[in-house]
There are 2 protein chains.
Amino acid sequence: MRIGELAAATSLSPDTIRYYEKAGLLPDPARTPAGYRAYGPEAVDRLHFIQGAQRLGLRLEDIRNLLAIRDTGTCPCEPAADLLTRRLAELDEKIRHLEVLRAEMAAMLDALPAEDCPQPTPGTWLTPERRC
Amino acid sequence: MRIGELAAATSLSPDTIRYYEKAGLLPDPARTPAGYRAYGPEAVDRLHFIQGAQRLGLRLEDIRNLLAIRDTGTCPCEPAADLLTRRLAELDEKIRHLEVLRAEMAAMLDALPAEDCPQPTPGTWLTPERRC
DNA sequence: CTTGACCTTGGAGTGGACTCCAAGGTTTAT
DNA sequence: ATAAACCTTGGAGTCCACTCCAAGGTCAAG
């Protein structure tokens, strides 16, 4: 299939696919006599893999490394486990941080309808001498 | 005080402060006869405000708008409430998404030491025909 | 006085993941 | 045949929040 078809099959743009190829995520594809890229169905799979990994928050660099290991025919489970473990720890940290922030902001929002502007809880959020 | 002193007082770099001024977050400061920027203590407060709002995930553009309202002498509580409400909704969404992701990744990690590579749960994460 | 730290300006660079542009060739449907 | 959609390449632009560079002036301590 051609790049437009691959793009449609994966909800990506042709430019993005060309970008991925340049970034080393996709191998150089076969070409038509006119120089057009010619992809097989395995390219759809590969892009789905990339998209799945992106959903998990992996950067393209990480995904490229995983793909490189996979392409050698060796088992990518250990590197995948390493990446997943790292990502899990990052996610836990991120969730914790967001929950703290959420609590702070909810508290600020609760305090807003008060006669005075709220105390600057997370820093000088709103200047205390300002009266609402 | 001079820009270096203001930077030290706020843990920002002089370049960042100059950047904020250019981005409209800080008013043009007074100058020394040599052309150096001269700040009063209110600049520290203003930068603390900015830093606090950034911690909440607000972009500089949003903070600039809030500051502009504040600078007119009107009460910024309603715009702040709007921003906070919006940010709360965004945070809730983000937390939910991260928690779903976390669960998926934990499940994938649990499945990894199995004899076969796990089924591609979030998409073709790992090609099923690959055996570990 | 000397030297090093500090300051100025305009503008370019960084990171990461795309997206757009220009110029021109190819394919497909009417 | 024609026109529009599709494709190619190299390279620049976008987003956002900084950070760095170059060239030169100013300040403060020794």
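Letters go in sequence order (proteins before strands), and every chain restarts at 1. Quick note: numbers below take in every heavy atom, side chains included, and nothing from hydrogens, waters or symmetry partners.
- Relative to the side chain of A:Tyr36, the nucleotides C:dC7, C:dT9, D:dT8 differ in distance, and D:dT8 lies closest.
- Here the straight-line distance linking atom CG of B:Asp110 with atom CE of B:Met105 works out to 12.0 Å at 0.5 Å rounding.
- If you measure from atom CZ of B:Arg2 to atom C1' of C:dC7, you get 8 Å, rounded to the nearest angstrom.
- Residue B:Gln54 is in sugar-phosphate contact alone, with no base atom involved, counting any heavy-atom pair closer than 4.0 Å across all strands shown.
- What separates CZ of A:Arg37 from P of C:dG25 is a distance of 18 Å, to the nearest Å.
- The shortest non-hydrogen separation linking B:Leu66 to B:Leu83 is CG-CD1, 3.5 Å.
- Of all non-hydrogen atoms in B:Pro29 and B:Arg37, the two that sit nearest each other are CG-CG, 3.5 Å.
- Each of B:Pro33 and B:Glu61 was matched to the nucleotide of DNA chain D holding its nearest heavy atom; the match closer to the 5' end belongs to B:Glu61.
- A straight line from CZ of B:Arg55 to P of D:dA17 spans 17 Å, rounded to a whole angstrom.
- Between C:dC18 and A:Arg59, no contact under 4.0 Å exists linking OP1 or OP2 to a side-chain N or O.
- To the nearest angstrom, C1' of D:dC6 lies 14 Å from OH of A:Tyr39.
- Near-neighbour residues of DNA chain D inside residues 12-26 of chain A, defined by a heavy atom below 4.0 Å, number-ordered: A:Arg18.
- For B:Ile3, the side-chain atoms get nearest to C:dC7 when compared with the rest of C:dC7, D:dC16, C:dA17.
- Contact detail for A:Ile50 and A:Ile63: the closest heavy-atom pair is O-CD1, 3.8 Å.
- A straight line from CD1 of A:Ile50 to P of C:dG16 spans 17 Å, rounded to a whole angstrom.
- At least one side-chain heavy atom of B:Leu60 sits under 4.5 Å from a side-chain heavy atom of B:Tyr19.
- B:Glu5 places its CD atom 17 Å from the P atom of C:dA5, with the value rounded to the nearest Å.
- Between the side chain of A:Arg87 and the main chain of A:Leu56, a donor-acceptor pair closer than 3.5 Å is present.
- Atom pair A:Leu60:CG and C:dT19:P shows a separation of 12 Å (rounding to whole Å applied).
- Following rounding to the nearest Å, B:Leu6 (CG) and C:dC7 (P) show an atom-to-atom distance of 10 Å.
- Here A:Ile3 contributes atom CD1 and A:Tyr39 contributes atom OH; the two are 4.0 Å apart, rounded to the nearest 0.5 Å.
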